[in-house]
**Student:** 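Mind looking over this structure? Questions follow.
The structure displayed is predicted, hence computed values, not measured ones. Order of the sequence lines sets the chain letters (A, B, ...), proteins ahead of strands, with each chain counted from 1.
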2 protein chains.
Amino acid sequence: MASIKDVAAAAGVSVATVSRVLNDHPSVSAESRTRVMAAVAELGYRPNAVARSLRTDQTRTLGLVISDVLNPYFTELARSVEEEARALGYSVIIGNADERPELQDHHIRTLLDRRIDGLLLSPTDGGTPLMLDAARAGTPMVFVDRWIRGVDVPVVRADGQEAVRELVAHLHRLGHRRLAIIAGPAATTTGSERVAAFRAALAEYGLALPDAYTGQGDFQADSGRRVTEGFLDLPEPPEVIFAADNLMALGALDAIRARGLRVPDDVALAAFDDIPWFVHTDPPITAIAQPTGELGRAAVRALIDRIEGRAPASVTLPARLVVRRSCGEPSLPSPTRRSEP
Amino acid sequence: MASIKDVAAAAGVSVATVSRVLNDHPSVSAESRTRVMAAVAELGYRPNAVARSLRTDQTRTLGLVISDVLNPYFTELARSVEEEARALGYSVIIGNADERPELQDHHIRTLLDRRIDGLLLSPTDGGTPLMLDAARAGTPMVFVDRWIRGVDVPVVRADGQEAVRELVAHLHRLGHRRLAIIAGPAATTTGSERVAAFRAALAEYGLALPDAYTGQGDFQADSGRRVTEGFLDLPEPPEVIFAADNLMALGALDAIRARGLRVPDDVALAAFDDIPWFVHTDPPITAIAQPTGELGRAAVRALIDRIEGRAPASVTLPARLVVRRSCGEPSLPSPTRRSEP
DNA sequence: CCTCCTTGTGGAATCGATTACACCGATGTG
DNA sequence: CACATCGGTGTAATCGATTCCACAAGGAGG
């Protein structure tokens with residue numbers, strides 16, 4: 001592979017001049033410029049990004065560590081992150097933590113070893129020492145979706161409180177009174193906040209959230225299945241199951257179906273995180289939709305602000321309720337609300 | 001950030017010795033080794049992967065360029081690729097081409113600039129000059145899923161011929177005679193091969209595949225929708241629509257639903273590429289499942305064989321039919337076939 | 001007792017870029 | 001006419017690692 005020396009030799013100039021042409025430095029004669037360009041084209045020369053990074057101490061690369069690539073929510077997030085980063089001249093390396101803290105740490109470590117310019121994180125847990133150290137050491141960092149308390153790192157996320165309140169109102173209007181939730185890991189903010197929001201909304205209607213109706217999941221389909229089975233085994237099973245993410249909703253649907261029960265006639269189902277497939281499930285699932293693309297883009301902008309020395313700001317965007325049929329009443333009466341992405 | 005010099009100074013040895021300890025070279029005294037280790041721990045030193053790569057001319061990184069991250073098939077592929085690569089000590093950088101050749105080239109170029117050790121490709125098209133040049137220049141490369149004829153690059157893919165034959169047999173048995181296909185881009189192998197396999201299977205039953213029943217899609221949901229509308233507008237619409245990938249099947253389902261028609265009563269639907277959601281759509285969709293995880297792992301092994309100087313082999317694995325209810329007959333008669341992943 | 005290995009170590013070259021600094025000739029100015 | 005200025009260029013240092021080579025010390029063998 002041709003190096004800058006080969007180009008210099010072919011163009012009959014020094015490597016310094018070649019470098020100047022490549023980085024369009026002002027003081028290069030038109031003459032030299034054209035000869036260098038010709039040599040570059042002739043040799044098919046491409047600068048070695050590794051060498052350049054070593055010298056300039058910047059890689060123009062962002063790291064993104066997400067909790068689960070197989071979750072369509074995170075896939076969409078990753079996509080929008082990459083898009084915005086590319087538009088701003090950065091590349092993105094994605095690490096999939098699979099909801100496992102060790103794997104998350106593995107990726108953070110590799111990313112740091114590669115000297116990425118900044119890190120976008122959606123922590124699987126309450127924050128490992130490695131992550132905290134990196135933040136303290138001044139690695140440019142931004143949390144997306146999930147975050148960690150007590151760390152001075154900007155957070156870009158959606159606020160679901162209002163949407164959860166709307167959901168509960170919707171459920172209450174439909175006559176449901178026994179509402180259960182499949183929560184995410186308590187160590188994650190999205191795990192605990194969604195339960196809190198749900199509980200608060202229930203309280204407004206004078207409803208309680210008994211322990212028996214609070215199942216502990218891990219954001220994976222299997223846990224949704226398991227928790228749902230527990231709910232259905234109860235002497236008095238809930239009328240509604242609210243899953244704190246889309247995969248657990250899938251598991252719940254499985255479990256309900258396996259018992260020969262019907263949604264929403266026997267049990268109603270709702271989920272946090274809307275995804276395209278929810279339109280096509282049987283029945284279509286009522287969900288709380290996050291502005292995923294906007295979240296990803298805002299996170300990248302915040303991170304790059306931080307990297308380039310500007311002051312990054314935390315961002316909170318509202319989530320919204322998308323009513324479909326999984327909680328009852330085909331929603332024909334109110335056609336306004338029947339929004340599809 | 002601490003460098004090897006700092007470690008050397010802290011341990012009272014030369015950088016050469018530190019390097020030897022780090023790469024556990026045999027001739028280092030136990031004495032030096034422990035002192036270096038202590039210094040490393042004390043300083044929290046981590047070798048700079050950029051510098052190391054420059055010197056050794058290897059990055060221990062693989063590039064993976066896929067056609068569409070939002071397609072669950074490719075997400076799963078990416079996941080298995082990363083998993084196997086990690087197990088073998090490599091990292092993976094994923095590029096999403098979004099079915100756009102320019103974007104694909106952008107990613108190939110960036111990956112090459114970063115001097116990745118090898119490239120895993122699922123080409124969006126017939127092969128851009130850049131891609132062909134890279135192959136010719138000797139960049140270790142392997143095609144996954146989709147490939148390009150006339151290039152000397154190993155291919156790891158699934159063979160769907162037998163499964164398509166089974167599908168057609170299944171459809172014929174159910175009494176369907178007017179079968180249509182939503183094809184992928186003809187420039188992709190998966191685009192053309194699936195049509196060919198379908199046509200060949202139909203021929204075995206004395207059925208033709210008229211042009212009117214061959215719609216041109218681009219592997220995206222929208223195109224599935226558009227083509228399906230065309231089919232339904234025909235004076236004699238098909239009885240079955242076979243989508244060459246899962247996203248186009250989703251679009252087809254949308255279009256059918258929008259007309260107020262029912263699956264499978266009014267039109268039957270089948271898809272290439274099985275995904276977890278197909279179990280939960282209304283109705284569950286009959287699909288041809290690829291051994292996605294195995295494909296990803298085999299591709300990584302082939303690529304690493306090539307990188308490390310062993311002779312890589314092409315791999316072809318069989319796809320299989322998963323019968324659900326979208327083509328008619330609840331499949332109760334034959335419970336053996338009702339396999340779920 | 002002198003050579004010859006072996007083992008452990010450090011100095012320095014190297015990878016491919018960027019960039020500070022020195023230099024040279026041409027132009028402008030007092 | 002001497003001198004400062006400036007545009008254009010090259011030499012060389014530098015980033016942080018790896019690794020070749022030289023060398024010293026110590027043990028084995030003649």
**Student:** To the nearest 10 degrees, what angle separates the axes at the start and end of the helix from C:dC1-D:dG30 to C:dG30-D:dC1, five pairs each?
**Tutor:**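 Here the local axes at opposite ends form an angle of 60°.
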**Student:** Show every salt bridge (Lys or Arg N to Asp or Glu O under 4.0 Å) that has at least one partner inside residues 79-97 of chain A, sequence neighbours left out.
**Tutor:**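 Those involving residues 79-97 of chain A are A:R79-A:E83, A:R79-B:D98, A:E82-A:R86, A:E84-A:R301.
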**Student:** Return the minimal non-hydrogen interatomic distance between B:V21 and B:M37, and the atom names on each side.
**Tutor:**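 Nearest heavy atoms, B:V21 then B:M37: CG1-SD, 3.8 Å.
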**Student:** Is there a donor-acceptor pair under 3.5 Å between the side chain of A:T61 and the backbone N or O of A:V92?
**Tutor:**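 Pair absent, no side-chain N/O of A:T61 close to backbone of A:V92.
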**Student:** Could you note down all residue pairs passing salt bridge (Lys or Arg N to Asp or Glu O under 4.0 Å) where residues 100-113 of chain A supplies at least one of them, sequence neighbours left out?
**Tutor:**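 Residue pairs with at least one partner in residues 100-113 of chain A: A:R100-A:E102, A:D113-B:R46.
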**Student:** If you take any heavy atom closer than 4.0 Å to DNA chain C, which residues from residues 29-42 of chain B end up in contact?
**Tutor:**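 DNA chain C contact set from residues 29-42 of chain B: B:S29, B:S32.
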**Student:** Tell me, please, which residues at least two apart from A:T110 pass side chain to side chain donor-acceptor pair (under 3.5 Å).
**Tutor:**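 Once residues adjacent in sequence are excluded, A:T110 has no partner under the side chain to side chain donor-acceptor pair (under 3.5 Å) criterion.
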**Student:** Using a cut-off of strictly less than 4.0 Å between a heavy atom of the residue and any atom of DNA chain D, enumerate the qualifying residues of residues 49-63 of chain B by number.
**Tutor:**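 When residues 49-63 of chain B is checked for heavy atoms under 4.0 Å from DNA chain D, the hits, listed by number, are B:A51, B:R52, B:L54, B:R55, B:T56.
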**Student:** Under the side-chain hydrogen bond (donor to acceptor under 3.5 Å, both in side chains) rule, what pairs show up with a residue in residues 303-315 of chain B, not counting sequence neighbours?
**Tutor:**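 Of all non-adjacent pairs touching residues 303-315 of chain B, those that pass side-chain hydrogen bond (donor to acceptor under 3.5 Å, both in side chains) are B:Y90-B:E308, B:D305-B:R310, B:E308-B:R310.
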**Student:** List in chain and number order the residues that pass side chain to side chain donor-acceptor pair (under 3.5 Å) with B:N96, two or more places apart in sequence or in another chain; answer none if no residue qualifies.
**Tutor:**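 Checked B:N96 against side chain to side chain donor-acceptor pair (under 3.5 Å); zero matches.
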**Student:** Which heavy atom in B:F74 sits nearest to a heavy atom in B:S122, and how many Å separate them?
**Tutor:**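 Nearest pair, atom of B:F74 first, then B:S122: CE2-OG, 3.6 Å.
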**Student:** Looking at DNA chain D, which of residues 4-26 of chain A put a heavy atom within less than 4.0 Å of it?
**Tutor:**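 Contacting residues: A:V13, A:S14, A:A16, A:T17, A:R20.
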**Student:** Reading DNA chain C from 5' to 3', where do the contacts with chain B start and stop? Cut-off is 4.0 Å to heavy atoms.
**Tutor:**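 The contact span of chain B on DNA chain C goes from C:dG8 to C:dG16.
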**Student:** Applying salt bridge (Lys or Arg N to Asp or Glu O under 4.0 Å) as the test, list every pair that has at least one member in residues 125-139 of chain B; sequence neighbours left out.
**Tutor:**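 Sorted result for residues 125-139 of chain B: B:D133-B:R136.
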**Student:** Kindly write out the residues that satisfy side chain to side chain donor-acceptor pair (under 3.5 Å) with A:S19, not counting sequence neighbours, or none if the list is empty.
**Tutor:**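 Counting only residues at least two positions away or on another chain, A:S19 forms a side chain to side chain donor-acceptor pair (under 3.5 Å) with A:N23.
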